[in-house]
Amino acid sequence: MKYFTADPHIDHAKVLVGERGRCFPTIEQWSTHFLSEINRVVRRQDTLYILGDFAFKRPDLWRAKIKCGNVWLIVGNHDPSPAQLDAAFGKGKARLTYETHVLDQPCFLSHYAHAFWPKSHRGSIHLYGHNHGQREETLDDWMPQRRSMDVCPEMAHRLLGEWRPFSEVEIHSRLMQRTGHDELEFYEGR
């Protein structure tokens with residue numbers, strides 16, 4: 001099974017501040033809670049994709065607390081140096097973007113939301129983070145049938161009632177109800 005999350009901001013106190021802040025009194029409580037939620041739902045043999053902004057400092061220390069053996073990082077704007085990420089996740093497991101599948105559907109991963117992505121004209125899925133769920137309504141107004149979504153903890157809390165990663169089954173059932181926003185006819189014959 002594959003799981004997806006974005007922007008955990010482990011050990012980064014700024015994530016607790018402001019209207020979009022998480023409902024935890026300290027960054028230590030947030031960090032401990034979110035890592036325990038990862039370990040509760042994601043099994044050792046599963047794959048976990050973290051779409052950026054994993055840990056402000058010491059990603060190796062925090063990565064070691066995740067029991068899942070196959071963890072990928074899509075690099076975000078608050079992640080440390082490539083050398084630190086290689087040490088934490090393994091060489092080649094920290095990428096700027098990545099293509100995988102959500103069940104049977106092609107899926108493009110990035111820290112940032114894209115208007116168009118590989119195979120979007122063929123209904124592929126796009127998962128991202130960065131906005132902490134703040135732009136989903138705007139994107140839905142602009143592209144109501146888009147097969148993309150923010151997988152940050154704020155969205156998981158809003159949609160699932162829990163601060164945890166999304167499973168590929170949850171993403172597939174949510175996004176495959178949509179037709180996709182990019183018309184294939186435009187691309188045919190080009």
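We use all heavy atoms of the structure for the numbers below, so side chains are in, but hydrogens, waters and symmetry mates are not.
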Next on the checklist: Hydrophobic cluster membership, with links at side-chain heavy-atom distances under 4.5 Å among I/L/V/M/F/W/Y: are Leu73 and Tyr3 in one?
Outcome noted: yes
Checklist entry - Does any donor atom in the side chain of His172 or Asp104 lie under 3.5 Å from an acceptor atom in the other side chain? => result yes
Checklist entry - Regarding Trp72 and Thr47, is there a side-chain donor-to-acceptor distance under 3.5 Å anywhere? => result no
Next on the checklist: Using 30° and 60° as the class boundaries, would you call the ring planes of His126 and Tyr128 parallel, tilted or perpendicular?
Outcome noted: tilted
Next on the checklist: Could you tell me if Thr100 and Lys2 have a donor-acceptor pair between their side chains, going purely by distance under 3.5 Å?
Outcome noted: yes
Checklist outcome for this item: Glu170 and Ser167 have their tightest heavy-atom pair at OE1-N, 2.8 Å
Checklist outcome for this item: Between Asp150 and Phe166, the two heavy atoms sitting closest are O-CE1, 4.3 Å
Next on the checklist: Give me the atom names and distance for the closest heavy-atom approach of Arg43 to Asp46.
Outcome noted: N-OD2, 2.8 Å
Checklist entry - Same hydrophobic cluster for Val102 and Met1, using side-chain heavy-atom links shorter than 4.5 Å among ILVMFWY? => result no
Item to check | Interatomic distance, Leu159 atom CG to Glu136 atom CD [nearest 0.5 angstrom] | outcome: 8.5 Å
Checklist outcome for this item: Exactly one of His157, His78, His9, His111 clears ring pair (Phe, Tyr, Trp, His ring centres under 6.0 Å) with His132, and that residue is His9
Item to check | Audit row: Trp117, Ser124, side chain to side chain donor-acceptor pair (under 3.5 Å) steps and yes/no | outcome: CA-CA 8 Å; Trp117 54 89; Ser124 72; 2.9 Å; yes
Checklist entry - Hey, is Glu137 close enough to Arg158 for a salt bridge, meaning N to O under 4.0 Å? => result yes
Item to check | Atom NZ of Lys93 with >12 non-hydrogen neighbours under 6.0 angstrom | outcome: yes
Item to check | Among Leu109, Ile50, Leu127, side-chain contact (heavy atoms from CB on, under 4.5 Å) partner for Ile74 | outcome: Leu109
Checklist entry - Do you reckon Leu35 sits in the same ILVMFWY cluster as Trp163, going by side-chain contacts under 4.5 Å, direct or chained? => result yes
Item to check | Heavy-atom check, side chain of Phe108 versus side chain of Pro106, under 4.5 Å | outcome: no
Checklist entry - With side chains defined as the heavy atoms from C-beta onward, is the minimum distance between Arg146 and Leu139 less than 4.5 Å? => result yes
Checklist outcome for this item: When rounded to the nearest 0.5 Å, the distance separating CD1 of Ile10 from CD1 of Ile27 is 7.0 Å
Next on the checklist: If you compare all heavy atoms of Pro8 against all heavy atoms of Gly52, which two are closest, and at what distance to 0.1 Å?
Outcome noted: CD-O, 3.6 Å
Item to check | Asp60/Arg58 ion pair, N-O < 4.0 Å | outcome: yes
Checklist entry - Are Asn77 and His130 close enough, and set up right, to give a side chain to side chain donor-acceptor pair (under 3.5 Å), and what steps lead you there? => result CA-CA 8 Å; Asn77 56 304; His130 187 65; 3.2 Å; yes
Next on the checklist: For Pro80 versus Ala55, what's the shortest heavy-atom pair and its separation?
Outcome noted: CD-O, 3.6 Å
Next on the checklist: Using ring centroids (six-membered ring only for Trp), state whether Phe54 and Phe89 fall under 6.0 Å.
Outcome noted: yes
Next on the checklist: Take a 6.0 Å sphere around CZ of Arg40 and say whether it holds more than 12 heavy atoms from other residues, nucleotides or ligands.
Outcome noted: yes
Next on the checklist: Please tell me whether Leu160 and Phe4 are part of a single hydrophobic cluster in this structure, the criterion being side-chain heavy atoms less than 4.5 Å apart.
Outcome noted: yes
Checklist entry - Given the rule in the salt bridge (Lys or Arg N to Asp or Glu O under 4.0 Å) test, do Lys57 and Asp11 qualify, once you have shown the distances and angles that lead to the verdict? => result CA-CA 7 Å; Lys57 300 174 190 167; Asp11 203 26; 5.9 Å; no
Checklist entry - Would a 4.5 Å heavy-atom cut-off, applied to side chains only, mark Pro165 and Val42 as touching? => result yes
Next on the checklist: Check for me, please, whether Phe24 and Met155 land in the same ILVMFWY cluster - side-chain distances under 4.5 Å, paths through other members count.
Outcome noted: no
Next on the checklist: In the structure I gave you, are the side-chain heavy atoms of Arg178 and Asp140 within less than 4.5 Å of one another anywhere?
Outcome noted: yes
